[in-house]
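Accompanying notes for the structure given below.
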Amino acid sequence: MKKYDAIIIGAGVCGIYQAYKLSQMKMNFLLLEQGSDLGGTWFWNRYPGCRFDSESETYGYSFSKELLEEWDWKEHYAPREETESYLNFVASKFNLRKFMRFNSELSSAIWQEKDKCWKIRTKDGSIFLTRYLLTAIGLLSCPTPPKFKGLQNFKGTSFHTYNAPEKQINYSGKRVAVVGTGATGVQVICAIAKDVKNLVIFQRRPNWCAPLHNSIISKSKMANIKKNYDAIFEKCRNTPSGFYHNFDPRKTFEVSEKKREQFWEKLYASPGFGIWLGNFKDTLSDEKANLEFSNFVAKKIRQRVKSPETAELLIPKDHGFGTRRVPMENGYYEVFNQNNVQLINLEENPIVEVTKTGILTKKEEYNFDIIIYATGFDAVTGSFDRIEFIGKDGVSLREKWENGPRTVYGLAVPKFPNLLTLAGPQSGSVATNFPRGIEEAVNWSTDFLMFLEKNKISYFDAKIEAEELWNDHVTEMSEKILFAKEKSWFTGYNVNVDKKYKGKCLIYAGGQIRFREFITNEKTQKYPSFDKFTTDQDFLEHSGEVTATI
Ligand code: NA7
């Protein structure tokens, strides 16, 4: 059985950066990845139209000037393939592949009290021991295909978007169904609607979508971006979400109706999340303000969709704009003006079963060549739940989190010694422009590991009082925003996990600036939220090359 100083789980954006940091620390570590290659989200989601909604230059890692200089982004909102190539480029440049073991899905991680280490078991039966365990398992990596009757009977091609086939499908001339109209379904629909013979969209509840306004990055624009990287990252550091966008300091009704309309027209015509995260500051916290803006977007939808009945079906009536994740689109509403596209309202005409040839609803049967399930994820905690984490005194993480996650900064859990949940539930890192947030978490965890090693501390355990404090704070922050009240993956509401819906956020809603203050303070005060223990153990000889990062 091989023993490591550290094991990272997951070779996505977060795990790759943590691997870089541990390699700099000269740790003897291993990265276990369930996929057959690296990339995480950008490896798995091979569905048509997949891309991020972050400005590309804000999505790259900021830690290496050389890397920033060498990489050219091609689109302002890069497609999946570009981001996957980027992550491969990073792994090659820093020689990180040698630490990675692919096709290694974890089945369990069990704390060994006697030896003060974790025993890791993978599904292929391999066993590893490690002093530190770092999870980088993603917040949207546990897909939830629907549980329709007859799902397996369909003879054509069908898949959940997360598990889309590696080989690209030719959609041209095909009869296609898309079930689900969240951010993923909207991307798929925009990407294939023009090519397919016909497209039937099965919508349970509509979402408020907004135009992405993607475009190509010219050579001169990229050169300019490279000159400005310091300012770009500084700007992202100083917004609550880690994007460029920041809320307008004015409240909605402080501004005249005419000026409001002008401001919103400008946001609607601007690229990216500005419409969501750069709106008036009370848009996501005040119901009246939110309704006013929702009415503006509803007007836009009515303008863009020719059939008034279809437009009404596409306008959400059960939640306000931005209180669920805003899908970003490229001609989404115009798709419904095409003759080859049909919208099925599942509220009124539910799916009865999947048949050999298609989908049978209460009213009609539809035949398809391809069915795409864009039905979302068991978000944030789902990827933890499928691994059996057993901590001190036999405590099971799955059972501990049954009524919602409880953590210290979303980074550690009492009774789970030497476990760091990078990008875990309740963490500030997961509610941001992801790479910006995870750099913060990884820098913090690396500094913490260096502190432990330097002070010859064999293991740490987060304090239960610290968990209480953090949980109260997470709840307090959730109560200030409207999206904590909505049924979406932010609150853990999902087809397979209704029990998780408690009307509170799975993610930290206080923003990355406040989150950074908490964890920086923790570091400055030498980690008071953790009990620290020493036993006879070998510690790393540090070269001193790695310096503190926060
Ligand atoms: P989402 O945003 O959770 O959307 C899932 C969609 O699938 C949503 O429209 C659901 O309707 C629908 N859904 C789920 N289960 C069913 C069943 N059984 N029948 C019909 N429709 C169903 O997931 P996405 O993958 O789109 O996006 C997740 C994140 O990935 C996104 O926020 C980005 O950050 C990237 P509902 O609204 O629940 O009625």
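Note that the structure is predicted; figures quoted are calculated from it, not measured. Note that ligands are numbered from 1 as they come in the structure, with each ligand's atoms numbered from 1 the same way.
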Subject >> Cation over ring face, Lys300 and Tyr268, 6.0 Å, 45° >> reply: yes
Original post:
When you measure from atom 6 (C) of ligand 1 to each heavy atom in Ala374, Pro206, Gly185, Gly376, which option holds the nearest one?
Top reply: Ala374
**OP:** Nearest heavy atom to atom 9 (O) of ligand 1 wins, so pick from Asp53, Val326, Thr181.
**Re:** Thr181
Taking atom types as modelled, find out whether [X] and [Y] have a side-chain donor-acceptor pair closer than 3.5 angstrom.
| X | Y | answer |
| --- | --- | --- |
| Ser62 | Glu439 | yes |
| Ser172 | Asp195 | no |
| Tyr171 | Asp369 | no |
| Asn471 | Gln426 | yes |

Could you list which atoms of ligand 1 come closer than 4.0 Å to a heavy atom of [X]?
| X | result |
| --- | --- |
| Gly180 | 6 (C), 7 (O), 9 (O), 12 (C) |
| Thr184 | 24 (P), 25 (O), 26 (O), 27 (O) |
| Arg325 | 31 (C), 32 (O), 33 (C), 34 (O) |
| Pro146 | 18 (N) |

[X]: heavy atom below 4.0 Å from ligand 1, yes or no?
| X | value |
| --- | --- |
| Tyr373 | no |
| Arg324 | yes |
| Phe377 | yes |

Original post:
Which pairs pass salt bridge (Lys or Arg N to Asp or Glu O under 4.0 Å) with one or both residues in residues 178-191, sequence neighbours excluded?
Top reply: none
**OP:** Would you indicate whether Glu105, at its atom CD, is surrounded by more than 12 heavy atoms from other residues, nucleotides or ligands within a distance under 6.0 Å?
**Re:** yes
Original post:
Does atom NZ of Lys480 have more than 12 heavy-atom neighbours from other groups under 6.0 Å away?
Top reply: no
**OP:** Using side chain to side chain contact (heavy atoms under 4.5 Å, CB included) as the criterion, list what pairs up with Glu75, not counting sequence neighbours.
**Re:** Arg51, Pro79, Glu82, Asn214, Ile216
Side chain, backbone, both or neither: which applies to [X] and ligand 1 if a contact is any heavy-atom pair less than 4.0 Å apart?
| X | answer |
| --- | --- |
| Val179 | side chain |
| Arg205 | both |
| Leu140 | side chain |

Original post:
Would you say Arg204 and ligand 1 have an N/O pair spaced under 3.5 Å apart?
Top reply: yes
Original post:
Is the closest N or O pair between Leu346 and ligand 1 shorter than 3.5 Å?
Top reply: no
